[in-house]
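Predicted, not measured: the structure shown is a model, and the values here were computed from it. Order of the sequence lines sets the chain letters (A, B, ...), proteins ahead of strands, with each chain counted from 1.
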Number of protein chains: 2
Amino acid sequence: MSAEYRSPSEQQRAEARREQILCAAATCFRNHGFHGASIAQISKAAGMSAGHIYHYFDNKEAIIAAIVERDLEYLLTLSAQLRAARDTREAMIEHVTEGVRRSLEPDDAGLKLEVVAEAARNPQVAEIVREADRVCRASLATTLRAIRRADGHDDDDGAIDTMVELLAAMFEGLMIRGIRNPQMDRAAVARRFQATVRQLLTQP
Amino acid sequence: MSAEYRSPSEQQRAEARREQILCAAATCFRNHGFHGASIAQISKAAGMSAGHIYHYFDNKEAIIAAIVERDLEYLLTLSAQLRAARDTREAMIEHVTEGVRRSLEPDDAGLKLEVVAEAARNPQVAEIVREADRVCRASLATTLRAIRRADGHDDDDGAIDTMVELLAAMFEGLMIRGIRNPQMDRAAVARRFQATVRQLLTQP
DNA sequence: GGTTCTAGATTGAACGCTCATTCTATGTTA
DNA sequence: TAACATAGAATGAGCGTTCAATCTAGAACC
């Protein structure tokens with residue numbers, strides 16, 4: 001019965017192994033797409049045999065799902081950080097530059113687009129993506145509401161949600177822009193984004 | 001030597017056959033992704049044998065390239081239409097609703113995201129996509145400049161280009177939003193987009 | 001401390017299948 | 001008859017997945 005016991009180091013090791021596979025898979029998916037990347041490629045990149053991957057994941061789909069789930073953290077952390085700032089509004093505006101830079105990072109963007117494209121046709125992936133998005137939106141909405149309240153505005157929920165959508169569309173759209181037009185003037189775009197976000201946050 | 005002659009009906013027929021393949025391929029790519037869709041599937045959807053597809057396209061990559069090239073038309077036509085309108089600015093703002101609707105169309109969005117994701121890793125596709133984007137940007141920039149001039153603003157090229165990037169990011173981002181949050185309030189988002197575009201066009 | 005036992009980690013070959021592509025044979029049409 | 005359209009089988013490679021066989025490290029016992 002107590003055969004299920006795992007020493008901490010064993011658990012750690014298993015976790016590290018899973019992480020190793022996920023990192024290798026992320027690279028392969030980025031370079032060849034979900035269906036273009038083979039288990040053989042992933043196992044080679046992870047430094048283990050193909051068969052062994054199936055000790056940690058049921059199948060290829062499960063690897064995709066795990067990768068999607070990992071990506072939830074960033075925006076949540078950011079949103080919490082902003083709320084903790086002295087002047088949340090200016091902290092957010094300040095952070096736009098970093099957000100633009102991040103969206104234009106080709107590796108990040110490539111994998112995220114791969115995930116969204118997969119979500120557009122794979123219901124299982126779609127569900128994970130949508131749940132993650134729901135959590136992110138809720139967090140961003142809270143931050144937005146705090147900013148607007150501090151400035152004396154009292155928006156209804158719908159208005160806040162719509163602001164969230166516009167912000168999300170702008171930064172997610174930038175991932176596509178970075179691929180379609182890699183020569184864009186990033187600094188100028190960052191300034192324009194900053195101005196637009198400021199207008200959005202301070203409008204009556 | 002003159003064996004290369006084709007009667008008009010022969011040419012037409014061949015063109016129709018190519019189109020038939022491209023439509024079938026677009027559907028398959030949308031549903032299964034570039035690498036997930038097989039020639040067998042495409043040939044079935046196109047109502048011909050797998051081997052016969054190779055009479056019209058060198059290989060699968062060539063089909064992808066042809067599909068990407070077909071998609072250039074829409075924005076060019078739109079941009080020209082707007083410029084022809086009496087009040088270009090109001091015509092553009094008016095058209096935002098339609099643009100939002102289009103970006104949220106799941107089939108269109110799915111295929112376009114598939115293409116961008118492929119461009120992120122396939123240099124051949126990337127080149128086609130970037131050239132098409134360059135043409136679209138130029139057209140939109142001309143329209144934008146006309147609007148701003150009519151209102152007495154004299155922006156430098158960089159400012160116009162940056163406006164184009166912001167507009168493009170918003171609408172392309174909306175394709176992602178439609179997948180990540182299908183329940184969004186589309187009408188409210190359309191209004192918010194309209195207001196943002198108006199601000200962009202009329203700002204000092 | 002040395003030996004045996006054991007359970008999980010790991011491998012690599014094997015399986016059945018599907019892939020993109022090629023080839024050959026047959027139909028069609030002018 | 002000549003040239004092209006088309007089908008469908010053939011090819012060889014590679015796919016995701018399974019599995020029997022080994023390895024390894026530590027627990028249990030002497």
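One can place NZ of B/Lys60 at 8 Å from P of C/dT21, the figure rounded to the nearest angstrom. The distance from atom OH of A/Tyr54 to atom P of C/dA14 is 18 Å, rounded to the nearest whole Å. Straight-line distance from the NE2 atom of B/His55 to the P atom of C/dT22: 11 Å, rounded to whole Å. Atom pair A/Asp58:CG and D/dT18:C1' shows a separation of 13 Å (rounding to whole Å applied). B/His32 has its NE2 atom 12 Å from the P atom of C/dA20, to the nearest Å. In this structure, A/Lys44 places its NZ atom 14 Å from C1' of C/dG12, rounding to the nearest Å. With rounding to whole Å, B/Ile39 atom CD1 is found 11 Å from C/dT22 atom P. As a whole-Å value, the separation of B/Arg17 CZ from C/dT28 P is 13 Å.
For A/Ser38, taking side-chain heavy atoms from C-beta onward, the closest of the listed nucleotides D/dT6, C/dT21, D/dC15 is D/dC15. Considering only side-chain atoms of B/Met48, the nucleotide from D/dT17, D/dA7, C/dC19 that sits closest is D/dA7.
When only modelled atom types and interatomic distance are considered, B/Asn31 and B/Gln41 share no side-chain donor-acceptor pair under 3.5 Å. Between the side chains of A/Arg191 and A/Gln194, not a single donor N or O lies within less than 3.5 Å of an accepting N or O.
Contact check, B/Arg13 against D/dC4: no side-chain N or O comes under 4.0 Å of OP1 or OP2. For the OP1/OP2 pair of D/dT6 and a distance below 4.0 Å, the side-chain nitrogens and oxygens of B/Tyr56 include at least one atom meeting the criterion.
For B/Glu105 and B/Lys112, the salt-bridge test fails: no basic side-chain N is under 4.0 Å from an acidic carboxylate O. Look at A/Arg134 and A/Glu131 and you find a salt bridge, because one of the NZ, NE, NH1 or NH2 atoms lies within 4.0 Å of a carboxylate O, short of that distance. Between A/Arg101 and A/Glu98 a salt bridge is recorded (basic side-chain N to carboxylate O distance below 4.0 Å).
Mapping A/Gly36 and A/His52 onto DNA chain D by nearest heavy atom places A/Gly36 closer to the 5' end of the strand. When each of A/Gly51 and B/Phe34 is assigned the nucleotide of DNA chain C with its nearest heavy atom, A/Gly51 is the one assigned upstream, toward the 5' end.
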